[in-house]
Each structure stands twice: as structure tokens, then as C-alpha cells.
Amino acid sequence: MTSSNVRVRMAPSPTGSPHVGLVRTALFNWAFARHHGGTFVFRIEDTDKERSTDESLASIIDLMRWLGLDWDEGPEVGGPHAPYFQSERSDLYADALARLKENSRTYDCYCTNEEAAARRKAAGSKVQGYDGFCRELSEEQVAAFVAEGRKPVVRFRMPDGSITWNDLVRGEVSFETEFVPDFALCRANGDSLYTLVNPVDDALMEITHVLRGEDLLSSTPRQIALYEALIEVGIAKVTPEFGHLPYVMGQGNKKLSKRDPEAHALAYREQGYLPEGLLNYLALLGWAIAADRDIFSLEEMVEAFEIGDVVANPARFDLKKCDAINAAHMRLLSLDDITHRVLPFLKKQGVVSDPVSDADAQLLELAMPLISERINKLAEAGDLLAFLFVDEDAFEVDAEDAEKQIGEAGIPVLQASYDALEGLPAWSTEAIQTALQTALVDGLGLKPRNAFGPVRVAVTGRRISPPLFESLELLGRERSLGRLRRALG
RNA sequence: GCCCCCAUCGUCUAGCGGCCCAGGACACCGCCCUUUCACGGCGGGUACGCCGGUUCGAAUCCGGUUGGGGGUGCCA
């Protein structure tokens with residue numbers, strides 16, 4: 001599977017519910033790796049012990065499995081660069097830090113943010129952030145700080161000049177290092193920070209291409225500078241290439257945040273989106289497979305995916321289009337497949353027995369053709385099918401629909417229907433249709449719409465249902481007539 | 001404030017100098033199909049932010065401007 005030395009990674013922090021932005025980033029990394037026959041590494045960035053949770057970790061793994069984005073190295077599968085949890089790699093970070101220190105690429109800093117900010121202000125500097133005050137401290141100064149009880153953070157010494165790289169999605173990007181202050185690699189308490197750990201892991205894991213969100217764009221010059229130092233001290237071999245993916249925006253003009261309901265990736269599974277539908281939609285946020293084509297499979301995406309084709313401008317998340325793409329994938333499914341996928345939802349909703357009985361399974365197989373093109377998400381099947389599976393004594397007619405569709409005027413219609421169906425020799429869709437047509441349309445002179453509405457509500461309980469005659473056939477004569485009788489009072 | 005990124009229909013995008021008085025999809029609006037709801041079919045409106053420049057020719061290249069977004073932590 002891994003026929004090239006392309007190595008990419010996704011490196012989520014297990015803090016909270018996984019975000020669709022994470023899925024999009026994972027997808028592009030995965031597609032890039034698969035397209036190039038490379039390796040997709042999955043690493044967990046759980047350095048923030050306060051916020052990382054096992055629950056979040058489990059949900060991310062679960063999500064990736066559901067999506068079908070498989071990884072070559074990482075949790076559950078291991079790999080040559082294990083462990084893949086940052087919380088288990090502190091020795092590696094300590095070693096990296098020690099080597100950088102030895103090469104004077106870092107220095108101890110005793111300042112508080114307030115002190116640095118005050119100095120910046122006093123100097124009239126337009127630049128924000130740390131001012132490099134502790135870069136060249138004398139022994140006396142250090143002793144004085146220590147005597148005050150201060151504990152230092154370790155900062156990286158940014159080089160002078162400018163840092164430029166050729167971003168895989170944006171082209172040449174350049175920063176003057178005077179605007180990128182010396183940054184902390186390690187807390188005063190000794191904990192390594194993301195700024196150190198992320199590049200060190202990428203280096204150790206020999207990541208060749210870093211594809212990540214645009215929010216990390218401005219931290220790239222720091223990482224490139226760090227990388228150069230890591231190469232010096234023998235930890236990194238090369239600086240990876242970077243590609244910054246555009247934001248996924250929510251309502252208004254802000255990036256999709258955890259507060260937006262559509263941001264939560266797990267919710268899509270619960271609502272019955274297909275993984276291929278969600279992924280297809282997410283792929284469209286910043287990438288197009290062709291000028292006149294929106295629907296494609298993961299395999300087709302892998303085949304066509306080029307990182308250079310990804311656009312740089314942010315994309316607004318449009319749930320309606322996401323639904324439409326999902327619906328298109330639903331229609332691509334075979335009847336067997338969609339039935340198979342709908343079943344867990346029906347069980348969960350209590351529509352069918354769990355484990356499913358033979359009778360329910362048989363009925364479901366007959367009913368699915370009636371609704372397979374009427375649902376856009378798997379979870380919607382239950383609403384349409386419940387009337388077929390419900391026990392007669394639990395069957396309920398929607399009060400509002402009954403009032404609208406039956407009322408006073410509907411009684412004769414139901415009576416006529418009952419009479420027409422009661423003695424029907426054969427209980428088939430065709431016979432039912434003919435009988436009702438004759439009795440209601442021809443007999444009572446009703447428009448089809450008015451004729452069948454009351455029957456639909458009486459028998460299925462709702463104004464919206466699968467096709468009526470087929471529904472009646474599946475329900476059976478006894479239950480159908482029983483429901484008509486009930487509606488007649 | 002400073003730094004950086006971005007800029008084509010309402011939305012996602014195609015377009016990488018002439019094929020574009022700009023194509024597709026979603027959404028929207030009509031119509032057809034129709035026993036409800038869908039599916040499907042047909043049709044419609046709507047976009048290159050602005051100003052300069054380069055060029056025989058610009059949505060496409062360059063500069064500026066405006067607008068939007070992000071960053072600016074001992075978070076990731």
C-alpha cells in the first residue's frame with residue numbers, strides 16, 4: 001500500500017466532540033496519502049492534560065472508522081514510530097529540548113507577559129509578543145531572577161531575516177521574522193508545549209507534507225525556523241512541505257465553531273448521513289473533481305486528488321447542499337445495501353424488533369422499495385415505515401392530519417372505501433387501486449387527491465406516507481379494514 | 001494597532017489571456033409527471049468588489065484600493 005515516501009498525518013487533540021473541520025482535514029490528508037501511495041499517520045496530540053479526555057479520543061477513533069478513513073500508523077494499529085500518543089513521548093521532547101539548548105537555539109526566559117508588553121509599549125513598538133529581553137542575560141541577572149523565585153520558560157531564538165515557503169495551496173508565503181517573536185517551547189513547570197512537540201513529532205515520524213487548517217498559517221514561520229534547528233541537532237532530516245487548507249465557515253462570516261450544531265461530526269452519523277455522502281460534501285469545500293460534476297466516490301476522489309487543486313478561499317458550510325449530496329449517494333445504493341443500513345436506525349427507533357424477527361425482516365424487504373427514494377438520510381425511514389410495523393393497539397393517527405384530511409367530509413369516503421375493500425377477492429396493489437378508484441373517483445366523483453387523502457391518514461396515520469395502494473397491500477386486509485373502521489368511529 | 005491570508009451567481013465552485021456578454025451543483029421561482037411526500041424531466045433569474053496598468057485582447061497577469069477572515073499565549 002505504501003509505495004512512495006509521502007508521509008502525512010492527522011494530529012487531533014482529543015478535547016471535546018470532533019468537528020467537521022477535523023474530518024475535512026483528515027479527508028484531504030488521507031486522500032493525498034492514498035493518491036500518492038504514501039502513508040497516513042494518525043497521532044494523538046494529548047499534551048494538554050487538562051482538556052484531553054478518553055471519551056473524546058474514543059469518539060474520534062470511532063468517527064474515523066465509520067468514515068472509512070483508515071490509517072497506516074497510529075492508535076490500535078501501532079507502527080515504527082510508536083507511541084503515537086504525545087502523552088507517552090515526553091522523553092523524546094526532553095531530549096530534543098536538551099539538544100536545542102546545547103546548540104544555543106533556545107534560552108531561558110524569566111519575564112511575564114505583562115513585563116514584555118509593557119516594554120513593547122514603552123518602546124513604542126508596533127510588534128506584539130515577546131521582545132527578546134532575556135536573550136542575553138548576564139549571570140547576575142539570572143541570579144537575581146532566580147532569587148526572586150522566578151522559574152523560566154524555554155524560548156526559541158528566532159533568526160533574523162525573513163522566512164518564505166511555497167505553500168502547497170497558496171503559493172509563496174513570506175514573513176519577516178521581526179514580526180514573529182521568540183516563542184515558548186516549554187512551560188516553567190517543564191511541560192513541553194505544542195510549539196515544540198508538534199514539529200518534533202513530525203520530524204521524528206518523518207512527515208513529508210503537513211496539510212492543516214489555515215489557522216496554523218501564521219505559526220508556520222516559527223515551525224520552519226524550529227525545523228532548521230532540529231536539522232542542525234540531528235532530529236529532523238528535512239523540513240516538510242506545508243499546505244494550508246481554507247477554513248470551513250459557519251453562518252455569518254466566522255469559522256464554524258463548536259457552537260454551531262452542524263459542526264459536530266458525530267451528529268451526522270446519528271442522523272443517518274452516509275459516510276460517503278458526508279465525505280463527498282466535505283471534499284467539495286475547497287476542491288472540485290471536475291467542472292460539471294459533484295457526486296463521486298472516495299475511490300474516485302483518491303484517483304483525482306491533487307493538493308494543488310485545492311482553492312485558498314474559505315468555504316461556507318451549507319447544510320442543504322450537504323443533504324442533497326447525501327441524498328444523491330442514498331440513491332446510488334442498492335436496495336439491499338440501503339435496507340441493511342436502515343435497519344440499525346429502525347431498531348434504535350423501536351420500529352422493528354431487536355434482534356429483528358423474520359416477519360419484520362420480510363416486511364422490511366417488501367417496504368424498502370417504497371421509500372428508498374423518499375428519504376435523504378437513513379434515520380428518516382422510521383417515520384415513513386412505522387405504521388407498517390406498529391401493533392394495532394398502539395397505532396395512532398396524527399390528530400392534526402386527521403382533522404385536515406378526514407373531518408366530517410371524509411367519513412363517507414372512508415365508508416365507501418371500507419365497503420369497496422371488504423369484499424375484494426384479491427388483496428393486491430392493483431385490485432386495491434381499481435376498487436378504490438371505482439368507488440371514490442368514479443362512484444363519489446372525487447378528485448384523486450380528495451379521494452385518497454382520508455384513506456391515507458386513516459390507514460397510515462399521516463398525510464405523508466409511502467404510496468397508498470402498496471401500503472395497503474403490505475398492511476394486509478385485516479389491519480387495513482380495522483384501521484378504516486377505527487377512523488369511522 | 002501590527003502581521004498574514006482571501007476575493008466569480010444567495011452558497012460551493014469551473015475558469016489557469018482569446019473557446020466566457022462566464023459553465024456545473026445546491027438553494028430559489030415556474031411548468032410537466034403525480035394518490036400524499038419524494039424521485040425524475042423541462043425552463044428561468046442571479047456573479048467576475050472597485051480603480052489603474054500590461055496586452056491586439058483580461059474573470060484570468062501586475063499594482064493599488066475596498067471588503068472579509070485569521071494570527072498576535074507558559075492553548076492546540
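Residue numbers begin at 1 in each chain, while the letters A, B, ... track the order of the sequences. In this text the structure is predicted, and so the values were computed from the model without any measurement.
- Here, A59(B) and G49(B) have their C1' atoms 12 Å apart, quoted to the whole Å.
- Side chain R316(A) to base C12(B): no donor-acceptor pair is found below 3.5 Å.
- The separation between E50(A) atom CD and G73(B) atom P is 21 Å, rounded to whole Å.
- Nearer to the 5' terminus of RNA chain B, by closest-nucleotide assignment, is the contact made by E172(A) (compared with the other of E172(A) and R331(A)).
- Taking a pair to require two hydrogen-bonding distances under 3.5 Å in either a Watson-Crick or a G-U wobble arrangement, G18(B) pairs with C56(B).
- Residue K255(A) places its side chain closer to G70(B) than to any other of C5(B), C2(B), G70(B).
- Note: CG (N198(A)) to C1' (C75(B)) measures 13 Å, nearest angstrom.
- Among the heavy atoms of the strands lying under 4.0 Å from F179(A) are primed sugar atoms or P, OP1, OP2 only; no base atom is included.
- If you take atom P in U54(B) and the same atom in C62(B), they sit 15 Å apart, rounded to whole Å.
- Residue contacts for V153(A): at a heavy-atom cut-off of 4.0 Å it reaches a base atom on one of the strands shown.
- Between R120(A) atom CZ and U72(B) atom C1' there is a gap of 11 Å when expressed in whole angstrom units.
- Only the P atoms considered, C4(B) is 45 Å distant from C29(B), to the nearest whole Å.
- For the OP1/OP2 pair of C74(B) and a distance below 4.0 Å, the side-chain nitrogens and oxygens of N113(A) include at least one atom meeting the criterion.
- Protein atom CG of N313(A) is 12 Å distant from nucleotide atom P of G15(B), rounded to whole Å.
- For L468(A), taking side-chain heavy atoms from C-beta onward, the closest of the listed nucleotides U35(B), A76(B), C2(B) is U35(B).
- Nucleotide G1(B) has U72(B) as its partner under the Watson-Crick or G-U criteria, with both atom distances under 3.5 Å.
- Y130(A) carries R155(A) over the face of its six-membered ring, with the cationic atom under 6.0 Å from the centre and within 45° of the normal.
- The same atom, P, is picked in G40(B) and in A25(B); the two are 12 Å apart, to the nearest Å.
- One interatomic measurement links the two molecules: CZ of R293(A) to P of C26(B), which rounds to 15 Å at whole-angstrom precision.
- Look at T47(A) and you'll find a side-chain N or O under 4.0 angstrom from OP1 or OP2 of A76(B).
- Both the sub-6.0 Å distance and the 45° axial angle are satisfied by R483(A) relative to the ring of F395(A).
- The separation of G63(B) from A22(B), taken at their P atoms, amounts to 28 Å, rounded to a whole angstrom.
- Across the protein-nucleic acid pair, D292(A) atom CG and C26(B) atom C1' stand 15 Å apart, rounded to whole Å.
- Under the Watson-Crick or G-U wobble criterion, with both distances below 3.5 Å, C39(B) has no partner in any strand shown.
- Taking the six-membered ring wherever Trp is involved, the centroid distance between the rings of F305(A) and F28(A) falls below 6.0 Å.
- Per the geometry, CZ belonging to F387(A) stands 16 Å off P belonging to C37(B), to the nearest Å.
- Counting only distance, with no hydrogens or angles, the side chain of N280(A) and the backbone of D294(A) share a donor-acceptor pair below 3.5 Å.
- Counting only heavy atoms from C-beta on, D318(A) has its side chain closest to U11(B) among U11(B), U13(B), C75(B).
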Would Y281(A) and F317(A) satisfy ring-ring contact (aromatic ring centres under 6.0 Å, His included), going step by step from the backbone distance to the final call?
CA-CA 9 Å; Y281(A) 176 65; F317(A) 189 94; 5.1 Å; yes
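- In this structure, of C4(B), A76(B), U35(B), it is C4(B) that holds the atom nearest to the side chain of F175(A).
- Residue R222(A) holds its CZ atom at 13.5 Å from OG1 of T177(A), rounded to the nearest 0.5 Å.
- For D48(A), the listed nucleotide lying nearest its side chain is A76(B); candidates were U8(B), U35(B), A76(B).
- Summary of the strand contacts: R51(A) and D215(A) both lie near RNA chain B, and taking for each the nucleotide with the nearest heavy atom, the more 5' one is attributed to D215(A).
- When heavy atoms are screened at a 4.0 angstrom cut-off, L216(A) is found touching base atoms of the nucleic acid.
- As a whole-Å value, the separation of E45(A) CD from C75(B) C1' is 12 Å.
- Looking at heavy-atom distances under 4.0 Å, S174(A) makes contact with sugar-phosphate atoms alone, never a base.
- G453(A) comes within 4.0 angstrom of no nucleic acid atom, judged by non-hydrogen atoms across all strands.
- Within 6.0 Å of the CD atom in E396(A), the count of heavy atoms belonging to other residues, nucleotides or ligands does not exceed 12.
- Among the nucleotides C26(B), U35(B), A14(B), the one closest to the side chain of V311(A) is A14(B).
- Here the two rings, on F469(A) and F452(A), have centers that are under 6.0 Å apart.
- Here P221(A) lies out of heavy-atom contact (under 4.0 Å) with every strand.
- For K320(A), counting side-chain heavy atoms from C-beta on, the closest listed nucleotide (C6(B), C12(B), A27(B)) is A27(B).
- Contact between the side-chain N/O atoms of N376(A) and the OP1/OP2 oxygens of C39(B) is not found at any separation under 4.0 Å.
- Checking A25(B), A38(B), C74(B) against every side-chain atom of R155(A), the shortest atom distance belongs to C74(B).
- With both pairing distances under 3.5 Å, C50(B) is matched to G64(B) as a Watson-Crick or G-U wobble pair.
- When heavy atoms are screened at a 4.0 angstrom cut-off, F183(A) is found touching no nucleic acid atom at all.
- For the P atoms, the distance from C26(B) to C39(B) is 10 Å, rounded to whole Å.
- Checked by atom type, the side-chain pair Q251(A)/D260(A) shows no donor-acceptor distance below 3.5 Å.
- In textbook terms, a nucleotide whose glycosidic angle is within 90° of 0 is syn, and C39(B) is one such case.
- Listed pair R170(A) / C4(B) fails the phosphate criterion, with no side-chain N or O lying under 4.0 Å from OP1 or OP2.
- Summarising the base pairing, C26(B) is matched to G10(B) through a Watson-Crick or G-U wobble pair whose two defining distances lie under 3.5 Å.
- The side chain of D294(A) has G24(B) as its nearest neighbour among C2(B), G24(B), U8(B).
- Contact annotation: R449(A) side-chain N/O to U36(B) OP1/OP2 distance is under 4.0 Å.
- Only the P atoms considered, U60(B) is 12 Å distant from U8(B), to the nearest whole Å.
- Contacts of P467(A) with the nucleic acid, taken as non-hydrogen atoms under 4.0 Å apart, include base atoms.
- Aromatic ring centres of F32(A) and W287(A) lie farther apart than the 6.0 Å criterion allows.
- A312(A) comes within 4.0 angstrom of the backbone, heavy atoms only, and of no base.
- Checked against C4(B), U36(B), A76(B), the side chain of S13(A) finds its nearest nucleotide in A76(B).
- One donor-acceptor pair, N or O on each side, does fall under 3.5 Å between the base of A25(B) and the side chain of K321(A).
- Atom P of C42(B) sits at a distance of 16 Å from the matching atom of A27(B), rounded to the whole Å.
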